There are 2 protein chains.
Amino acid sequence: MATAMAHEHADARPDLLPTLEDRGYRLTGPRLRIAEHLARRRGSFTAEELAGELPGLGRATVYRTVKLLLDAGVLCKATLPDGAARYSLDGPHHHHHFVCVSCGKVQEFRHPAVERLVRAIRSDVPGELVGHRIELYMNCAECLARGQE
Amino acid sequence: MATAMAHEHADARPDLLPTLEDRGYRLTGPRLRIAEHLARRRGSFTAEELAGELPGLGRATVYRTVKLLLDAGVLCKATLPDGAARYSLDGPHHHHHFVCVSCGKVQEFRHPAVERLVRAIRSDVPGELVGHRIELYMNCAECLARGQE
DNA sequence: CCAGCTAATGATACAACATCTCATCCTTGA
DNA sequence: TCAAGGATGAGATGTTGTATCATTAGCTGG
Ligand SMILES: [Mn+2]
Ligand SMILES: [Mn+2]
Ligand SMILES: [Zn+2]
Ligand SMILES: [Zn+2]
């Protein structure tokens, strides 16, 4: 990594089940399987891919659980330029995303100027800001290297 | 409008057909109808809505033409938090979007700090930045006023 | 530990959005 | 004027996600 600004999640979060329990959800077999799979898994994924990686689990259950984990803050969602949604384990702090348009890899980044910018705009806008999405699209170093082999 | 930062497109672009012609596309009846409709229309729309507003035109043709106009820079695409795509006539300059999560209205805005920020990040990132998406989600002034009637 | 309540599951249908197919039409340039 | 081939549109197909609902299986209170 060139700077400390961006990072990938190297460590999976083992506290996925407690998070669900705290929210009053039942700890079921399917949710356990999904949690174990996510802890082992690397990189970003679509809900469809996740369902494919977990044969025996119903598609609807996988979609429901992804939404659950999104609400719980365990997963976060990045959107590709074409609108496709990719999920990845979420870091604990507010952040934004680098998304590789070639391999779909999602890296989180934080930059103080981003929030400063949003604050500056907020005071100028006739209405109520309720959220923002900032995604930077890139070809990651790995994809660049692979491309010019 | 409270500031000069943001604006909606008040004036439609009459130069839609020449743009297509310059790109080597044929000037067909369906494209003419779509162009005239867009020149008259206000606000943002989905491809599906546009197709509904143009009975007699094939759905596939509308979708194809929207993509064409997107490539030509006549239309721009904003993405709602749920992933839905909304199109609107595009201004001539690079910009970003306010999107009202209540009524779907899209307002363009420019802010020098945005591009300054992207430049600052670009030099820090291990890879090649190929684009960015910055969308600010809001409840617009009209929706706020309507909500507390 | 058990029974019962009810959340959760999953097969399936449904829905929205977008693209593909291909026979036909029509714009365009020679 | 007349082919050549781009464009159209009805319909099929694909993708992503949600709704139904009968059945399963956590959880809790007794
Ligand atoms: Mn994230
Ligand atoms: Mn725009
Ligand atoms: Zn990559
Ligand atoms: Zn609004």
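Because only heavy atoms are used, hydrogens play no part in the values below, and waters and symmetry mates are left out as well, while side chains stay in. Just so you know, these numbers come straight off a predicted model, no measurement behind them. Letters A, B, ... are given to chains in the order of the sequence lines, protein chains preceding strands, and every chain is numbered from 1.
- A sub-4.0 Å separation between OP1 or OP2 of D/dG17 and a side-chain N or O of A/Tyr63 is present.
- Under the 30°/60° scheme for interplanar angles, the aromatic rings of A/His94 and A/His132 are found to stand perpendicular.
- Taking both residues in full, the closest heavy atoms of A/Asp90 and A/Leu75 are given as CB-C, 3.8 Å, listed atom of the first, atom of the second, then distance.
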*Sequence-aligned protein contact record of nucleotides 5-12 of chain D, with B where the base is within under 4.0 Å of a protein heavy atom and S where only the sugar-phosphate is*: BBSBBB--
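- With axes fitted over five pairs at each extremity, the angle between the ends of the helix from C/dC1-D/dG30 to C/dA30-D/dT1 is 30° (10° resolution).
- A donor-acceptor pair under 3.5 Å is absent between the side-chain atoms of A/His97 and the main chain of A/Val99, judged by distance alone.
- Taken together through direct or relayed side-chain contacts under 4.5 Å among Ile, Leu, Val, Met, Phe, Trp and Tyr, A/Tyr63 and A/Leu57 form parts of separate hydrophobic clusters.
- Formation of a donor-acceptor pair under 3.5 Å by the A/Arg31 side chain with backbone atoms of A/Arg26 is found in this model.
- At whole-Å resolution of the value, NZ in B/Lys77 and P in C/dC17 are 14 Å apart.
- Note on B/Lys67: a side-chain N or O is less than 4.0 Å away from OP1 or OP2 of C/dT19.
- In this structure, OG1 on B/Thr79 lies 3.5 Å from CZ on B/Arg133, to the nearest 0.5 angstrom.
- A side-chain donor-acceptor contact under 3.5 Å links A/Glu108 to the backbone of A/Gly91.
- A/Ser44 places a side-chain N or O within 3.5 Å of a backbone atom of A/Gly104 that can act as its donor or acceptor partner.
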